[in-house]
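Only one structure is covered here, and it is reproduced in the block below.
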Amino acid sequence: MSTTASGVTVKLNTGAEIPLLGFGTVSEHDTETFKLALKAAILDAGYKHIDTAWYYNTEELIGDVLEELSLSNKIKKDEIFITTKVWPCFWNDPETSLNLSLKNLKLEKVDLLLQHWPVCFAKIDDSNGNRIPVPKDSNNNILYDKDGDYLITYKKLLKLKDSGKAKAVGVSNYTVQMLERIIKETGVIPACNQVELHPHLPQLELYNYCSEKGIILEAYSPFGSSGAPNLKIPLIIELAKKYNVSSADIIVNYCIAKKIVVLPRSSNIERIKKGYALINMEKSDVDALDNYGSKNPKRYIKDSWGDNIGFDHWN
Ligand SMILES: NC(=O)C1=CN([C@@H]2O[C@H](COP(=O)(O)OP(=O)(O)OC[C@H]3O[C@@H](n4cnc5c(N)ncnc54)[C@H](O)[C@@H]3O)[C@@H](O)[C@H]2O)C=CC1
Ligand SMILES: O=C1O[C@H](CO)[C@@H](O)[C@@H]1O
């Protein structure tokens, strides 16, 4: 096992290794800050995995950084595991989405392609011909496609894998019931399921199901998203003292101990350079964190379309 969190990997059901630590690329900052953060993550902290999506509008910046670092021989592009996602407005033409992502990322293929949400928005383009991510009517209600079905998207993603443009295919924001449905209908087990997961939302039923099926779980918003509220949980602060690390290290190691991919985001260069310490967390501490979240489940990402698919722990 590596001594830094960025070096630890787990095997996907395709046989490929995925680094358990990935750099989250939702951005609240200007383009230069974003690029500097990504460069520090790759060059100083040794990140080998970037999690992005068409929806984040950061793919072109990521493509620029990868191109620059590879042209100056600082990295080889194929050393970095790249995940991108198909947003619900592309539910019926994920190939268009993937082609846009590949163009922006300046890549010929991605390591992992995810269906971003199991929902289907209407396909509406703006006057410049760009797809509207979340189409709404004049009353601000989201426009769903009444003929949409997330199973159709999954089947189309599997075809994209066959075409070689995505080395592996997975899903995001799926419940156990949805996973059961796509597996029953296609016979193909997705490589992973990316969901909100952290010590305040351990998702134990989903975790047990995915472990049994060999689906790698990926934890988004591990720190509780903007403002990082999870870092202030008293049990996490206590464990940080016990192991002499930071609260962020505890959350990252909670996921790593459970072989869950973890996708923290940061734009703070000093923190990024430091990376995350890899510790040997005792099972009783992992269990205590599971227990904490099971008793106090809390979801931070409350996009309204989550309502439509029956997400729980909404309040
Ligand atoms: N599949 C999906 O639907 C979703 C995927 N994601 C992915 O997961 C990634 C991470 O999730 P996010 O929601 O972005 O949030 P996060 O849980 O990683 O938290 C980010 C926040 O924590 C702060 N932070 C980071 N390290 C800190 C530290 N050591 N001390 C204090 N504050 C710290 C950052 O400044 C930022 O405000 C995203 O960037 C994206 O790649 C996120 C949301 C949904
Ligand atoms: O991936 C995602 O990021 C945004 C913002 O957190 C969320 O809406 C989406 O699922």
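It should be emphasised that the depicted structure is a prediction, and the values quoted were computed from it without experimental measurement.
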Inset, instruction - Determine, step by step, whether K242 and E282 satisfy the salt bridge (Lys or Arg N to Asp or Glu O under 4.0 Å) criterion, reporting the C-alpha distance in whole Å, the side-chain angles of both residues, the deciding distance to 0.1 Å, and the verdict. - result: CA-CA 11 Å; K242 171 176 170 178; E282 289 167 28; 3.4 Å; yes

Inset, instruction - Decide whether V10 and Y276 are clustered together by the hydrophobic rule: side chain heavy atoms of Ile, Leu, Val, Met, Phe, Trp, Tyr closer than 4.5 Å, transitively. - result: yes

Inset, instruction - Evaluate the salt bridge (Lys or Arg N to Asp or Glu O under 4.0 Å) criterion for residues R265 and D51: first the C-alpha distance (whole Å), next the side-chain angles of each, then the deciding distance (0.1 Å), finally the verdict. - result: CA-CA 10 Å; R265 162 170 67 97; D51 179 76; over 6 Å; no

Inset, instruction - Please determine if D64 and K106 form a salt bridge, counting it only when a charged side-chain N lies under 4.0 Å from a carboxylate O. - result: yes

Inset, instruction - Run the salt-bridge test on K35 and E68 with the 4.0 Å N-O cut-off and return the result as yes or no. - result: no

Inset, instruction - Treating Ile, Leu, Val, Met, Phe, Trp and Tyr as nodes and any side-chain heavy-atom pair under 4.5 angstrom as an edge, say whether I189 and L12 lie in one connected cluster. - result: yes

Please table the atom pairs, donor to acceptor, closer than 3.5 Å between any side-chain atom in residues 202-212 and protein atoms at least two apart or in another chain.
residue, atom, partner, partner atom, Å
Q203, NE2, E196, O, 2.7
Y207, OH, K258, O, 3.2
N208, ND2, L204, O, 3.3
S211, OG, Y207, O, 2.7

Inset, instruction - Using the side chain to side chain contact (heavy atoms under 4.5 Å, CB included) rule, take K161 and T14 through it: C-alpha gap first, then chi angles, then the decisive distance, then the call. - result: CA-CA 11 Å; K161 177 168 179 275; T14 56; 4.1 Å; yes

Inset, instruction - For D303 and G306, indicate whether the former's side chain and the latter's backbone hold a donor-acceptor pair under 3.5 Å. - result: no

Legend entry - Flag side-chain contact, heavy atom, 4.5 Å: L38 against L66: no

Inset, instruction - Could you grab the distance from atom NE2 of H200 to atom CD1 of I251, nearest 0.5 Å is fine? - result: 10.0 Å

Legend entry - Non-hydrogen side-chain atoms of N130 and D125 separated by less than 4.5 Å: no

Inset, instruction - Could you tell me whether a side-chain N or O of N104 sits under 3.5 Å from a main-chain N or O of E59, the two making a donor and an acceptor? - result: no

Inset, instruction - State, to 0.1 Å, how close N173 and N193 come at their nearest heavy-atom pair, and which atoms those are. - result: N-OD1, 3.5 Å

Legend entry - Pairwise distance OG1(T83) to CD1(I80) - rounded to 0.5 angstrom: 12.0 Å

Inset, instruction - Report yes or no: do I269 and V26 belong to one cluster of Ile/Leu/Val/Met/Phe/Trp/Tyr joined by side chain heavy-atom distances under 4.5 Å? - result: no

Legend entry - Minimum heavy-atom distance S225-I301, with the two atoms named: OG-CD1, 3.7 Å

Legend entry - Closest non-hydrogen atom pair between C89 and P133, with its separation: CB-O, 3.6 Å

Legend entry - Inter-residue atom distance L112.CG - I18.CD1, 0.5 Å rounding: 5.5 Å

Inset, instruction - Compare all side-chain heavy atoms of V261 with those of C192 and state whether any distance is below 4.5 angstrom. - result: no

Legend entry - Flag side-chain contact, heavy atom, 4.5 Å: L21 against V8: no

Inset, instruction - Determine yes or no for a side-chain-to-main-chain donor-acceptor pair under 3.5 angstrom, with N141 supplying the side chain and D137 the backbone. - result: no

Inset, instruction - State plainly whether the residues K77 and E67 are in salt-bridge range, i.e. N to O under 4.0 Å. - result: yes

Legend entry - Expected output: side-chain K85 to main-chain T52 donor-acceptor under 3.5 Å: yes

Legend entry - Carboxylate-amine/guanidinium contact E95 K159, below 4.0 Å: no

Inset, instruction - Could you walk me through whether D249 and S246 pass side-chain hydrogen bond (donor to acceptor under 3.5 Å, both in side chains), step by step? - result: CA-CA 5 Å; D249 291 329; S246 69; 3.1 Å; yes

Inset, instruction - Walk me through it: do L278 and N253 pass the test side chain to side chain contact (heavy atoms under 4.5 Å, CB included)? - result: CA-CA 7 Å; L278 189 62; N253 279 274; 3.7 Å; yes

Legend entry - Side-chain donor/acceptor of T9 to backbone N/O of E17, under 3.5 Å: no

Inset, instruction - State, to 0.1 Å, how close A257 and V286 come at their nearest heavy-atom pair, and which atoms those are. - result: CB-CG2, 3.8 Å

Inset, instruction - Please confirm whether R181 makes a cation-pi placement over Y174, using NZ or CZ under 6.0 Å from the six-membered ring centre and within 45° of the ring normal. - result: no

Inset, instruction - Sequence neighbours left out, what passes ring pair (Phe, Tyr, Trp, His ring centres under 6.0 Å) with H116? Give chain and number order. - result: Y56, W87

Legend entry - Side-chain (S294) to main-chain (D290) donor-acceptor, under 3.5 angstrom: yes

Inset, instruction - Looking only at non-hydrogen atoms, find the nearest pair between G170 and L157 and report the distance. - result: O-CD1, 4.0 Å

Legend entry - Under 3.5 Å: donor-acceptor pair, side chain of N296, backbone of Y292: yes

Legend entry - Over all atoms of both residues, closest heavy-atom pair of A5 and I256: CB-CD1, 3.8 Å

Legend entry - Partner of Q115 by side-chain contact (heavy atoms from CB on, under 4.5 Å), out of V86, V171, V169: V171

Inset, instruction - Please report the C-alpha distance between V110 and S101 in whole Å, then the side-chain angles of each, then the deciding distance to 0.1 Å, and finally whether the side chain to side chain contact (heavy atoms under 4.5 Å, CB included) criterion is met. - result: CA-CA 9 Å; V110 288; S101 294; 5.9 Å; no

Inset, instruction - Look at atom CG of N92 and say whether more than 12 heavy atoms of other residues, nucleotides or ligands are closer to it than 6.0 Å. - result: yes

Inset, instruction - Would you check if L289 and L239 make a side-chain contact, meaning some heavy-atom pair closer than 4.5 Å? - result: yes

Legend entry - Note, V252 side chain near F223 side chain (heavy atom, < 4.5 Å): yes

Inset, instruction - Name all residues meeting the side chain to side chain donor-acceptor pair (under 3.5 Å) criterion together with N230; count only those two or more places apart in sequence or in a different chain, and write none if there are none. - result: H198, Y300

Inset, instruction - State whether the side chain of R271 and the backbone N or O of S266 hold a donor-acceptor pair below 3.5 Å, judged by distance alone. - result: no

Inset, instruction - Mark yes when over 12 heavy atoms from residues, nucleotides or ligands other than K165 sit less than 6.0 Å from its NZ; otherwise mark no. - result: yes

Inset, instruction - May I ask you to test the P199-L235 pair for a side-chain heavy-atom distance under 4.5 Å? - result: no

Legend entry - Gap separating the CG atom of L61 from the CZ atom of F34, nearest 0.5 angstrom: 6.0 Å

Inset, instruction - Would you sort out whether D285 and Y254 count as a side-chain hydrogen bond (donor to acceptor under 3.5 Å, both in side chains), showing the intermediate values? - result: CA-CA 9 Å; D285 292 329; Y254 160 78; over 6 Å; no

Inset, instruction - Verify, without hydrogens or angle tests, whether D126 (side chain) and N128 (backbone) share a donor-acceptor contact under 3.5 angstrom. - result: yes

Legend entry - Verify same cluster id: L143, Y150 (apolar side-chain graph, 4.5 Å): no

Inset, instruction - Any chance you could measure F81, atom CZ, to I50, atom CD1, to the nearest 0.5 Å? - result: 11.5 Å

Legend entry - Check: S6 side chain, A45 main-chain N or O, donor-acceptor pair, under 3.5 Å: yes

Inset, instruction - Could you check D145 against K123 for side chain to side chain contact (heavy atoms under 4.5 Å, CB included), going step by step and ending with a plain yes or no? - result: CA-CA 8 Å; D145 190 328; K123 173 183 172 179; 5.7 Å; no

Legend entry - Student check: side-chain heavy atoms of D93 and R131 closer than 4.5 Å: yes

Legend entry - From S97 atom OG to L102 atom CG, the distance as rounded to the nearest 0.5 Å: 9.5 Å

Legend entry - Common cluster, L36/I272, ILVMFWY with side-chain heavy-atom separation under 4.5 Å: no

